[in-house]
Amino acid sequence: MKRSPSFAVGVVAGVLLTLGCAVLMAAKSEKVTPVDPRPRDYYTPNTEKLEADEMRVIACGTGMPTTRAAQAAACFLVELGNGDKFLFDLGSGSAERISSLQIPYNYLDKVFLGHLHTDHFGSLHDLFVGGALMGRNVPLRVWGPSGAVPELGTKYALDRMQEMLTWDLSGRVGLTDPRGYVMEVTEFDYKGVNHVVYEENGVTIRSFPAIHAIDGPVSFALEWNGLKFVFSSDTYPNKWFIEHAQDADIAIHECFVAVPDLVEKMRFTPESALQVGTQVHTSPQAFGKVMTTIRPRMAVAYHFFNDFDTAAAVYDGIRQTYDGPVSLAEDFMVWNVTKDEIRTRMSIVEERTWAPPLGRPAVPPKPEDRNVWEERLGTSLGFSEFIQSGFWSVDDVLRPVYEATSEEFGREFPYPGDE
Ligand SMILES: [Zn+2]
Ligand SMILES: [Zn+2]
């Protein structure tokens, strides 16, 4: 049989291809090619499965009472391999950070507040109302400390927060699934030392007193599956943290702006910079001393504006007293914690995310739910004659919207007033 030149070319090409593949396969494991994807060193929300023995902590707010675009105020999300998720503090601006993580709101139903400064709970009403609107149809559960008198406790604050929302909630009742607009508040004794405040599903959360502003603030330790997460909220260094944050895998503690930057950037007098930066809050040097004493696998410093011209002073202060692993937290920093490894990365988030999928199906609203509120408020929630007199008709352009929707869903949606 006479072999054609093209056959020979084919054989040669085949051999070359085989050789080439072998070389490529070897190259894949040994060196980076210009065409193959490389391992990623950032976290993209909603793309990574959490392993059964893994804890993931995400900073959803790391800044100051005055929020800014780069940093919301205090908030840390803890996600566990058993499916549980916990929010520690929910400072101003943090709810929008949380929304970028694309987590169904039913799973963001447990919030632990260390104290009642707005930079630690100022976004609670955003999560409460906005979370329900975007699919949470279970109650929002909130834990927080008592105070020296009932008026200084969590229950007082959150009862009044819900009162503050009377107009907001009255205007929503009867229009959306009502089951998420319920807040369950558990207030515990702020003087409890290593006191269990939560114990479910293999997760134990304890509180211990913190020293900050006035009586009332607490810090938390979460333990699960042999891993320990500790969160100071705000505190001056104290004996309870030193004792009960021991053996933490990840220990998050406030660390304030360095004194010279308080003078230069916040226009504090040196007197008040020293007072606020070292006596009211924890200075970088004091943060380092705390971490040197408790020796966590990862120390996390937060509660300062983390910039190119502030971070070095904070870092240098910490390094005067601590030489272990440390993260200077920024919003969307992520720590994956297992017994073997702690991996620190930044998230790449999409700012234009919409509602995540529902945790369980919604139920249609019941218009009669309005009656309950009307009775409570002693007034009709319908518009007054005065306001009704202001309606300007756009029926002609809205009727086609109803018709198109009826056609699309194969169901008749009667135009209001036609029923
Ligand atoms: Zn505070
Ligand atoms: Zn604070």
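Because the structure is a prediction, the values reported are computed rather than measured. All ligand and atom numbering here is 1-based and tracks the order in the structure. Side-chain atoms are counted along with the backbone in the values below, which use heavy atoms only and exclude waters and symmetry mates.
Taking the centre of each ring, F304 and F256 stay at or above the 6.0 Å mark.
Looking at H117 and the Zn ion (ligand 1) together, the shortest N, O or S contact belongs to ND1. Of all N/O/S atoms in D234, OD2 sits nearest the Zn ion (ligand 2). Within H303, the N/O/S atom positioned nearest the Zn ion (ligand 2) carries the name NE2.
Taking backbone and side chain together, H120 holds no N, O or S atom under 2.8 Å from the Zn ion (ligand 1). Not a single N/O/S atom of D119, whether from backbone or side chain, sits less than 2.8 Å from the Zn ion (ligand 1).
The pair R179-D177 counts as a salt bridge, with a side-chain nitrogen and a carboxylate oxygen less than 4.0 angstrom apart. We find that E48 and R345 are joined by a salt bridge, their nearest charged nitrogen and carboxylate oxygen being less than 4.0 Å apart.
Geometrically, R370 does not engage W373 in a cation-pi contact, judged by NZ or CZ lying under 6.0 Å from the ring centre and within 45° of the ring axis.
Considering D126, V142, L124 in turn, L124 is the only one that fulfils the side-chain contact (heavy atoms from CB on, under 4.5 Å) rule with L90.
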